Amino acid sequence: MEYNFRAIEKKWQQRWKESGAYKVENDFTKPKCYVLDMFPYPSGAGLHVGHPLGYIASDIFARYKRLKGFNVLHPMGYDSFGLPAEQYALETGQHPAVTTENNIKNFRQQLDNIGFSFDWSREVRTSDPEYYRWTQWIFLRLFNSWYDVRQNKARGIDELVRTFEKEGNASANGYTQTKKIFTAGEWKSFSEAEKMEALMEYRLAYAAYGEVNWCEALGTVLANDEVINGVSERGGYPVIKKKMRQWYLRITAYADRLLQGLGTVDFSDAMKEMQRNWIGKSQGAEITFAIDNSPLTLDVYTTRPDTIFGVDFMVLAPEHELVEKITTPEQRARIDEYLKYVKSRSERERLAEVKQVTGEFTGAYAINPFNGRRIPVWIAEYVLAGYGTGAIMAVPCGDQRDYDFATHFNISITNIIGDYYNGKEANPTKEATLINSGFLNGMKMTDAFDVVLKKIEEAGIGKRKVNYKMRDAGFSRQRYWGEPFPVVYHNGIAYPLSDEELPVTLPYVEHYKPGPEGEGPLANVTDWVNVNADEIELGDTYLNLTPASPADGIYKRETNTMPGYAGSSWYFLRYMDPHNNKEFADRKATDYWNQVDIYVGGTEHAVGHLLYSRMWTKVLFDLNLIGFDEPYKKLINQGMIQGNSRFVYRLNILGSLRNDPTNKIVRNNVFVSYGIYKRILEEGTLIQSITPYLVANNLFGNIVLSIHDKISDHFNGIHIDVNIVDGTELNIGLFRKLKQEYADAFLILEDDSILSPGQDLSETSSKYICGAEIEKMSKSKYNVVNPNDLIDKYGADTFRMYEMFLGPVEASKPWDTKGIEGVHRFLKKLWRLFFDEEKGKIWNTDTATDAELKILHKAIKKIEDDTERFSYNTAVSAFMVCVNELSDAKCHKKEILEPLLILLAPYAPHIAEELYHQVNSFSAGEASILTASYPELEEKYLAETEKEYPVSVNGRLRTTIKISLDASQSDVEKIALGNEVIQKWMEGKQPKKIIFVKNKMINVVV
RNA sequence: GCCCGGAUGGCGGAAUUGGUAGACGCAGCAGACUCAAAAUCUGCCGUUCGCAAGGAUGUGCAGGUUCGAUUCCUGUUCCGGGCACCA
């Protein structure tokens, strides 16, 4: 009986499916464990071997916890809204719903093949109306909430309205930048439009005009984290800044709590650091400067108020509102020209030329409040309008950008840091003792910080201020394939729809092109966009207005859709209660399942998805809709599996040779093996290197190639499908079959011999060796390895264990199929502990010896420990050690083997279940290894009585001595000093000291 | 430029708290079984000197702390990732 993995895996996958083995109940009496994977976007390309890495890791953990007696929630679903499906629809006219459905089918087949323990009855899809109904519902909560800074939490907008009615907004200032202060009376006199406009400044989801990242090629705006180096993350298209009315999430209100929350979760330091950088908190001061000969004032933000005496100029962002007002007539023309220049530059150009110094003087001067100095006010690109106040005080001796600017425009530099400033570059030190700094002279900069701030606050010309780099998140996209907003407009005012109107489903569209004015495709569906007042029910505005009536006429639906991160911000909650059609999830279910215990996914979501879902969770918590405010307790980032590309090297035929009918190479391609290619590059000339191979075989006829400058120009390294290469050796038969154009190619092999068309390797002892390079795994590089192929060849259990054996889950590593044989051999060896090819069944029910129990319990200890801390590569190795030892000991005892199978079940569930049933005679469906209980470690079997101690002399290992573990220090010293080898190395000297660490080592110092 | 992470045999990697560096696997070499191949099994496998016993050396590089350092500290090089005019 041999290990027939194909039949075994098929059988058990079928049985588990039939018995609903992975179905999870909301059984609140059992301890819970929530193990979650980041759900995938179902792309058309399907899975490659990199995708399942994290899924396998989490699956092992989930199965392990289940064996440990936990009620484990381990669901899977699809983040099925998104750009690629829509881009594909634009090109082919196929509806995104159709392509998405097909892709999901393909994904599911590939996932099923690997044998995951997902509870598919809880599957969610973000594009399913029954799902996005609740995304829209949460959006309405965001729309109807505001952030109360004093209570430091989100509250219902109705409470804000009541405050306004009582006392206006002067004291009840929520998290908003508004400058418009109104009294209760004024509020009451506001029109409906004015009230809605005022409230909009407080809502957590709000519409506003703002600079957005507009991507013309994609026809939509993008969030900051979707723009990389001035181009779109997806597709690399140019992105420009544009003013548009957009929806935003007021995530800045949560900046501090998102920062604080990092202290309560178990994420990697790198991950926390990335989020901290993105939030970008800085402590500083906002200082108001008077403008000379003007009633106007200038606010700047600085993190270094201690350097105020070093201010040599001011710089405004070109977009700053003061620029218009303070520019003097003499400078007007030059400023206008500079503004024109700035406008002409794209975001990308600005980023590309970061170090270029540009700017212009406004002609105006600010006054330093502490010494009355007149400070010239400039404008320059390097100051950003969106950060701080959009204006800075420049201290060239302490800030390199200010220094560069001052040098470029010949502005004299005041040194306030003495020797710390060398006159050649700025020094941002905080250690210096201040000079040229009035009342701060002689003070350390770190102390001066608070002294200056106190003075500024006393004088009423500024205040302490915390700033964040993070901006509110753009929340609308001009696309079709996303969640429609539950919002309608009337006279330009946005009204929420009632919960009863949900879901607002996507209408059918004829095509996916933008609307008439650059809006999303939905704008073209006029009979969906325009709705009569009596056709819809509006949500509560809390404004005590007369309800909308038919007389109010036509409402227009919002034509934007929500961005990709909307659905993924809360999906982990829906899994808890996926079929609930009354609520997004039952409160009892969310209280029970609570935080995700283990969340596994890639680093690429560090700032996008992770921050947004953390924010949504905090909002839901504030509104008392769930009972916790961090979604993910522990995060594991699986590493990227890189592709291992293979190359063949084609000789480029010169144009002049192509027309020569006497020459064979005109018609045939010539490929050289990697060794030859490398030698040619090293030798340097084409004539000397190539012709011996080619001329000798009469490939060239009488033609001689001309010498080129670069030898490598004569070759094209061409990606070749990794699946037709064994290691680095090309499978020539498949190579010729794969592409018509290669069928007649000449191949120059590693030993310089030529393989002509029609010949195969049986006529030579040489090989064609391919070049190799590590790259991203992608279709275009022909380096994609499909899990299905490997599973077909070795089985899912081998595949699962091999992926884990590759290295730590967190590490990125190139894929290499070669080692999979070793893991497969291990499983075959395990099988042979139970069955022999000739003798059949060899497992028995004999009583185990202590030595055998020790092997088992060593494995229990190591594997349980490694599984618990996600060290799966070492766990797999421990299985191998155990099976090797049992084979050597010829142990075939059920008493040992059965517990081993349970240990193995999370890693290789199919073979474990099969053998578990072989050693037990269960009746059909009676038992499963999936619900067995995990073996208990019994330390007594591991107890040792003696230890082979390494003994060193002066720290150098000289020998090992077996000594009883209960030997005392003096016993040990006697034994060590009595040892022949040790005596030899002591060279007759007296020991100064003998270091003895019990159960570790002995070191004799002489 | 700034911030994180890493560097160990031919290769992937192990060494959990400072205590026998190289577990486990791949590849390679030698051998057994076989008509042969596959499968399986046995032995060797960092470098170097040596017939061997054994010795020297060795965790990117240069120092330091320690009886003892892959592990801690200082400096440095290279690689990977993130951020990038954020005042």
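Fair warning: this is a prediction, and the values are worked out from it, not measured in the lab. Naming convention: chains lettered A, B, ... in sequence-line order (proteins, then strands); numbering from 1 in each chain.
- Checking B:G22 for Watson-Crick or G-U wobble geometry (two distances, each under 3.5 Å) identifies no partner in any strand.
- Not a single donor-acceptor pair under 3.5 Å links the side chain of A:N467 to the backbone N or O of A:S282.
- Look at B:A39: it lacks any Watson-Crick or wobble partner with both distances under 3.5 angstrom.
- Put simply, A:R956 has no side-chain N or O that comes within less than 4.0 Å of OP1 or OP2 on B:G54.
- Atom OH in A:Y3 sits about 14 Å away from atom P in B:U40, given to the nearest Å.
- When heavy atoms are screened at a 4.0 angstrom cut-off, A:P814 is found touching no nucleic acid atom at all.
- The two residues A:T429 and A:R304 come nearest to each other via the heavy atoms O-NH2, 2.9 Å.
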Give me the distances for all protein-to-nucleotides 6-8 of chain B N/O pairs that come in under 3.5 Å?
none

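- Nucleotides of RNA chain B nearest to A:K813 and A:M271 differ in position, and the one nearer the 5' end is that of A:M271.
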Next on the checklist: I'd like to compare against my own output: the B/S/- annotation of nucleotides 15-21 of chain B with a strict under-4.0 Å heavy-atom distance to protein.
Outcome noted: -B--BB-
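- Among the atoms of the strands shown, base atoms are found under 4.0 Å from some heavy atom of A:R471.
- Atom OH in A:Y872 sits roughly 25 Å away from atom P in B:A23 (whole-Å rounding).
- The partner of B:C78, taking Watson-Crick or G-U wobble pairs whose two distances both stay under 3.5 Å, is B:G6.
- Between the side chain of A:R646 and the backbone N or O of A:V722 there is no donor-acceptor pair closer than 3.5 Å.
- Across the strands present, B:G1 finds its partner in B:C83; the criterion is a Watson-Crick or G-U wobble pair with both atom distances under 3.5 angstrom.
- Take the nearest nucleotide of RNA chain B for A:N277 and for A:V1005: the residue whose nucleotide is more 5' is A:N277.
- If you check every strand for non-hydrogen atoms under 4.0 Å, A:K992 touches nothing.
- A donor-acceptor contact shorter than 3.5 Å links the side chain of A:K272 to the backbone of A:V265.
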Next on the checklist: Counting primed atoms plus P, OP1 and OP2 as sugar-phosphate and everything else as base, spell out the protein contacts along nucleotides 24-34 of chain B at 4.0 Å heavy-atom distance: B, S or - for each nucleotide, 5' to 3'.
Outcome noted: BSS--------
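- We find that CG of A:D269 is positioned 10 Å from P of B:C4, with the value rounded to whole Å.
- For B:G43, the base adopts the anti conformation, since its glycosidic angle falls more than 90 degrees from zero.
- Counting non-hydrogen atoms under 4.0 angstrom, A:S282 reaches the backbone sugars and phosphates but no base.
- At a threshold of 4.0 Å, the pair A:D866-A:K862 counts as salt-bridged, since one of the basic side-chain nitrogens sits closer than that to a carboxylate oxygen.
- Within the 4.0 angstrom heavy-atom criterion, only backbone atoms of the sugar-phosphate kind lie near A:W985; the bases stay farther away.
- When both distances must be under 3.5 Å, the Watson-Crick or G-U wobble mate of B:A56 is B:U47.
- In this structure, the ring of A:F835 has its center no less than 6.0 angstrom from the ring center of A:Y3.
- Atoms CD (A:Q400) and P (B:A87) sit 16 Å apart, rounded to a whole Å.
- Going from atom CG of A:L806 over to atom C1' of B:C11 covers 12 Å, rounded to whole Å.
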